[in-house]
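What follows is a short report on a single structure.
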2 protein chains.
Amino acid sequence: MRPNKRDELVRKALQVFYRDGFHATGMDKLVVETGVSKTSMYKHFRTKEELILAVLRLRDESFRNWILRRVEETADTPAGQIVASFDALKEWFEEDGFRGCMFIKAGAEYQEADHPIHVQAAEHKRLMFEHIARLARKAGARDPEKLANQIVLLQEGAIVSAVLLKNGDPAEDAREAAQLLLETALA
Amino acid sequence: MRPNKRDELVRKALQVFYRDGFHATGMDKLVVETGVSKTSMYKHFRTKEELILAVLRLRDESFRNWILRRVEETADTPAGQIVASFDALKEWFEEDGFRGCMFIKAGAEYQEADHPIHVQAAEHKRLMFEHIARLARKAGARDPEKLANQIVLLQEGAIVSAVLLKNGDPAEDAREAAQLLLETALA
DNA sequence: ATCAAAGTGTACTGATCGGTAAGTATTTGC
DNA sequence: GCAAATACTTACCGATCAGTACACTTTGAT
């Protein structure tokens, strides 16, 4: 089992799961799309669930890396970086093939709170929260945890609105609301 | 086809779809859970998709009725009613068997923007937005559409956070943020 | 009482689900 | 160059998927 082969499978599976959903994507479809044989597929991943968990790990890592880097390129103060996260979201929404947040979708398809896939999706959201909370503390907010929670609300809301309520510019609206929250929390 | 029989099937199917998801719920499971025969099932609904659309119509109607009534019972000024919508959300989150927003989940499982199920989920979100926008106009907000969009962001964010980020009290955090937005938009 | 609508159970279709068996080819490290 | 690991093809498993055929029973309005 060459490690890069496995990674390649995870990358390709990520695309298909993201595009078509988890239950709607069968292992046979993945076998066709990756060009790998079914036997090899099951050599690398013992079950579909194990594959999905690997996909979510990759997505978590690459998404958080991307947004962290993008935010640091845009602003250098903690408060500025919180605001910049909404500019990054806007970029993401405008990407070709944008289909919403993979973790919201994973949580929606695997709803039991103790299901491994649900747990892993929740863990991603917790890490995203932690990032904002760290910035809020560095910015000197009055109640950094609450501010971070509110910022996250705006982020999640913007994602959902970008998918379902194609009305207006959710990232921009969220950005302005976030700015107001920041000003109030720092005053 | 007695109409009440059909409604009963929709009500029961709603529970199962809400609990287990759309793709994960087969027609056979619904037949068992409703006690109806498969033949009758397909007399009432020509396809699974038609059943899901009927379920979403019922959910849209009853959910919007419920939140509208709850909001009117809690406050009588337009601004107060906007804030009260977050108290209603909090009640909802604390219900037994709360599993998030059925329309977010429908949009997540049927992702193509022109899929009938996706379209109907989006329509529900539009109607929810319209309700808030109406209140924002009556309250005399400076830019009622933008305010309504921001309120909706907080609502959607609270729902997602209630499902995935069990951290804190999303409805309360959203409520406070909404209050701040309102004060600023009305000043 | 009758007749049609609406209900029933059972058995079936072909396709697809996740996952496996058996045997063969191709890389890979030493 | 050789052996072991890895990947391959093909065919298969039992279960479930959405949906249908057919023959039978209950129900309700006239």
Side-chain angles (χ1 to χ4, degrees), chain A residues 1-57 102 105-106 108-112 115-118 120-121, chain B residues 1-57 105-106 108-112 115-118 120:
Chain A
M1 284 196 249
R2 294 186 298 259
N4 44 332
K5 186 75 184 178
R6 188 189 145 107
D7 289 355
E8 192 190 317
L9 290 179
V10 175
R11 263 197 306 276
K12 186 68 193 170
L14 168 50
Q15 292 176 20
V16 183
F17 280 131
Y18 182 64
R19 173 167 32 90
D20 298 343
F22 297 100
H23 282 105
T25 301
M27 293 301 270
D28 294 284
K29 192 198 289 184
L30 287 172
V31 161
V32 171
E33 295 245 11
T34 56
V36 86
S37 75
K38 205 165 180 181
T39 321
S40 298
M41 201 75 190
Y42 276 96
K43 283 261 164 60
H44 286 291
F45 311 97
R46 280 182 311 182
T47 62
K48 184 184 182 182
E49 183 178 310
E50 196 173 298
L51 171 59
I52 293 177
L53 290 172
V55 163
L56 291 182
R57 265 190 298 272
M102 186 148 209
K105 296 193 286 188
E109 289 206 49
Y110 300 90
Q111 308 193 72
E112 302 85 29
H115 191 293
I117 293 177
H118 188 104
Q120 192 152 320
Chain B
M1 286 195 247
R2 294 187 296 260
N4 46 330
K5 187 75 183 178
R6 188 189 145 107
D7 289 355
E8 192 191 316
L9 290 178
V10 176
R11 264 197 305 277
K12 186 68 193 171
L14 167 51
Q15 294 175 19
V16 183
F17 280 131
Y18 183 64
R19 173 166 34 88
D20 298 342
F22 297 99
H23 282 104
T25 301
M27 294 300 269
D28 293 287
K29 192 200 287 184
L30 287 172
V31 162
V32 172
E33 295 246 10
T34 57
V36 87
S37 76
K38 202 164 182 182
T39 320
S40 298
M41 201 74 190
Y42 276 95
K43 283 258 166 62
H44 287 290
F45 311 97
R46 279 182 311 181
T47 62
K48 184 185 183 181
E49 182 178 311
E50 196 173 298
L51 172 58
I52 293 177
L53 289 172
V55 162
L56 291 182
R57 265 191 298 273
K105 295 193 286 187
E109 288 206 48
Y110 301 90
Q111 307 193 73
E112 301 86 29
H115 191 293
I117 294 176
H118 188 104
Q120 192 151 321

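Since this is a predicted model, take the numbers as computed values, not measurements. A, B, ... follow the sequence lines: proteins, then strands. Residue 1 opens every chain.
Rounded to an integer number of Å, the gap from A/Phe45 CZ to D/dA7 C1' is 14 Å. Counting to the nearest Å, the C1' atom of D/dC17 and the CE atom of B/Met41 are 15 Å from each other. Distance CG (A/Leu9) to C1' (D/dT6): 13 Å, rounded to an integer number of Å. Here the C1' atom of nucleotide D/dT16 and the CG atom of B/Asp20 are 15 Å apart, to the nearest Å.
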Expected string for nucleotides 9-21 of chain C under the B/S/- scheme (protein heavy atoms, under 4.0 Å, primed atoms plus P, OP1, OP2 as sugar-phosphate) is BB------SBBBB

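Looking only at side-chain heavy atoms (C-beta outward), A/Phe45 and A/Val55 stay at 4.5 Å or farther from each other. Side-chain contact between A/Leu30 and A/Phe17 is present, with at least one heavy-atom pair separated by less than 4.5 Å. Put simply, the side chain of A/Arg57 reaches to within 4.5 Å of the side chain of A/Gln120, judged on heavy atoms.
No donor-acceptor pair under 3.5 Å is formed between the side chain of A/Lys38 and the backbone N or O of A/Met27. With hydrogens and angles ignored, the 3.5 Å screen pairs a side-chain donor or acceptor of B/Glu109 with a backbone N or O of B/His23.
Under 4.0 angstrom from either OP1 or OP2 of D/dA7 there lies at least one side-chain N or O belonging to A/His44.
Residues passing the side chain to side chain donor-acceptor pair (under 3.5 Å) test with A/Gln111 are B/Lys105, sequence neighbours excluded.
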